[in-house]
Undergrad: 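Below you'll find the structure I mean.
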Amino acid sequence: MSRALFRKATSDAARLIRQNAAAEDPFGKTSLAILNLRRLQSRPQFLGRGKQTGSSPLPSSSSSVGFVGWYLGMIKSRPVFTKSVTSSLIYIAADLSSQTIAKKSEDSYDLVRTARMGGYGLCVLGPTLHCWFNFMSRLLPRQDFITTFKKMAMGNIIYGPIMMVTFFSLNALLQGEGGSDIVARLKRDFLPAMRNCVMYWPICDFITFKFFPVHLQPLVSNAFSYLWTIYMTYMGNRKKPDVIPS
């Protein structure tokens, strides 16, 4: 009803403009006014169609969340599984990189070793990283400098040595080595690895604890661990010592 009244009014106005065009508009501007009136006549129909269909000319931003949004959603909905798979993929990539650096051109990749590293990241490192960072956030919830340095110290004194012993021992055990071989590996490799760990990880831990929320800290730590894991997979797969060093 309102559209019909609007059309009638604009039609009458257009007719009056045509009747007075010669006297009032000698410069030919009347046609522009009539064209504008015709556009106004057609506009209610367009708006009416838009209301009837309920369509929107702009796409919803939620339709293009992307990989990052999907990953963050997975971290919130399935945190342990997501962080474990992420850790496993990083260990696989790091081990392949380590083998690429060390191997000769005619050598093939040791895929059993790569699977062993991926399994360690999936079953051991990923879940423990999740538990460790959540424990630290409850124990020391603040992100000021003093609290961050406390977290760094605890990581290098408690978590780092425990995980390093676990890595060397479990990796040797999965290669079929016995207790004496594991002890020999630890005596040869543990202290050099810890020395490099203390040189590498404090700055990484500072960035992780200071600038990232707790649910993203395992991801950031895993990103830093790529270079470290290249080194660790090399150390963990050296030939076993023939005798236990004194």
Undergrad: Could you see if M154 belongs to whatever hydrophobic cluster contains I146? Use Ile, Leu, Val, Met, Phe, Trp, Tyr and a side-chain cutoff under 4.5 Å.
TA: no

Undergrad: So, using salt bridge (Lys or Arg N to Asp or Glu O under 4.0 Å) as the criterion, who are the partners of D95 when residues are at least two apart?
TA: R113

Undergrad: Could you report the tightest heavy-atom contact between Y231 and P192, atom names first, then the distance?
TA: OH-O, 3.8 Å

Undergrad: Can you name the closest pair of heavy atoms from I182 and S169 and give their distance?
TA: CG2-OG, 3.6 Å

Undergrad: Relative to each other, are the rings of W228 and W201 parallel, tilted or perpendicular (30° and 60° limits)?
TA: perpendicular

Undergrad: Apply side chain to side chain contact (heavy atoms under 4.5 Å, CB included) to V214 and M136, showing your working.
TA: CA-CA 9 Å; V214 63; M136 293 300 293; over 6 Å; no

Undergrad: Could you state the interatomic distance from CZ (F133) to NE2 (H215), rounded to the nearest 0.5 Å?
TA: 13.5 Å

Undergrad: Any donor and acceptor pair, going by atom type alone, linking the side chain of T166 with main-chain N or O of I162 inside 3.5 Å?
TA: yes

Undergrad: In the single-linkage hydrophobic clustering (I, L, V, M, F, W, Y; side-chain heavy atoms under 4.5 Å), do L216 and F211 co-cluster?
TA: no

Undergrad: Other members of the hydrophobic cluster containing V112, with the 4.5 Å side-chain heavy-atom rule, please.
TA: none

Undergrad: To the nearest 0.5 Å, what is the distance between CG (N196) and CE (M232)?
TA: 10.0 Å

Undergrad: Please test E177 against N171 for side chain to side chain contact (heavy atoms under 4.5 Å, CB included), starting from the C-alpha separation and ending with a verdict.
TA: CA-CA 9 Å; E177 298 179 10; N171 185 59; over 6 Å; no

Undergrad: Indicate the atoms forming the closest heavy-atom contact of P161 with G155, along with that distance.
TA: CD-O, 4.3 Å

Undergrad: Between N237 and R116, is a side-chain hydrogen bond (donor to acceptor under 3.5 Å, both in side chains) present by the stated rule, with each step listed?
TA: CA-CA 11 Å; N237 291 279; R116 192 166 61 242; 2.7 Å; yes

Undergrad: Can you see which heavy atom on G121 is nearest to which on S87, and at what distance?
TA: O-OG, 3.4 Å

Undergrad: To which residues is L111 joined in a hydrophobic cluster, defined by side-chain heavy-atom contacts under 4.5 Å among Ile, Leu, Val, Met, Phe, Trp and Tyr, whether direct or through other members?
TA: I92, L96, Y109

Undergrad: Within the 4.5 Å heavy-atom criterion, are Q217 and N134 side-chain neighbours or not?
TA: no

Undergrad: Please say yes or no: joined through hydrophobic side-chain contacts below 4.5 Å, possibly via intermediate residues, are F167 and M199 part of one cluster?
TA: no

Undergrad: Tell me every residue that passes side chain to side chain contact (heavy atoms under 4.5 Å, CB included) with V220, counting only those two or more places apart in sequence or in another chain.
TA: T208, F212, F224

Undergrad: Let me confirm one number: the CD1-CE distance from I157 to M152, rounded to the nearest 0.5 Å.
TA: 11.0 Å

Undergrad: Please evaluate residues F190 and F168 with respect to the criterion ring-ring contact (aromatic ring centres under 6.0 Å, His included), reporting the C-alpha separation (whole Å), side-chain torsions for both, the decisive distance (0.1 Å), and the verdict.
TA: CA-CA 8 Å; F190 177 76; F168 283 128; 7.4 Å; no

Undergrad: Can you list every side-chain hydrogen bond (donor to acceptor under 3.5 Å, both in side chains) pair that touches residues 148-160, not counting sequence neighbours?
TA: T128-Y159

Undergrad: How about Q175 and D181: do any of their side-chain heavy atoms sit closer than 4.5 Å?
TA: no

Undergrad: Could you give the distance from CG (L125) to CE (M117), rounded to the nearest 0.5 Å?
TA: 11.5 Å

Undergrad: Does F209 form a ring-ring contact (aromatic ring centres under 6.0 Å, His included) with F149? I'd like the steps, not just the answer.
TA: CA-CA 9 Å; F209 287 119; F149 280 110; over 10 Å; no

Undergrad: Looking at residues at least two apart in the chain, or sitting in another chain, which of them share a salt bridge (Lys or Arg N to Asp or Glu O under 4.0 Å) with D144?
TA: R142

Undergrad: Would you please test Y71 and T86 for side chain to side chain contact (heavy atoms under 4.5 Å, CB included) and show each step?
TA: CA-CA 10 Å; Y71 185 84; T86 301; 2.6 Å; yes

Undergrad: For Q99, which of D107, D110, T114 qualifies under side chain to side chain donor-acceptor pair (under 3.5 Å)?
TA: T114

Undergrad: Look only at the side chain of T82 and the backbone of M74, and say whether a donor-acceptor pair between them is shorter than 3.5 Å.
TA: yes

Undergrad: For atom OH of Y200, decide whether the heavy atoms of other residues, nucleotides or ligands shown that lie under 6.0 angstrom number more than 12.
TA: yes

Undergrad: Are the side chains of L129 and K83 in contact, using a 4.5 Å heavy-atom criterion?
TA: no

Undergrad: For R185 versus G236, what's the shortest heavy-atom pair and its separation?
TA: NH1-O, 3.6 Å

Undergrad: Is the backbone N or O of T229 less than 3.5 Å from a side-chain atom of T233, with the two atoms forming a donor-acceptor pair by type?
TA: yes

Undergrad: Can you tell me how far the OG atom of S221 sits from the NE2 atom of H130, to the nearest 0.5 Å?
TA: 14.0 Å

Undergrad: Mind listing the closest non-hydrogen atom pair of I90 and S225 along with its distance?
TA: CG2-OG, 3.9 Å

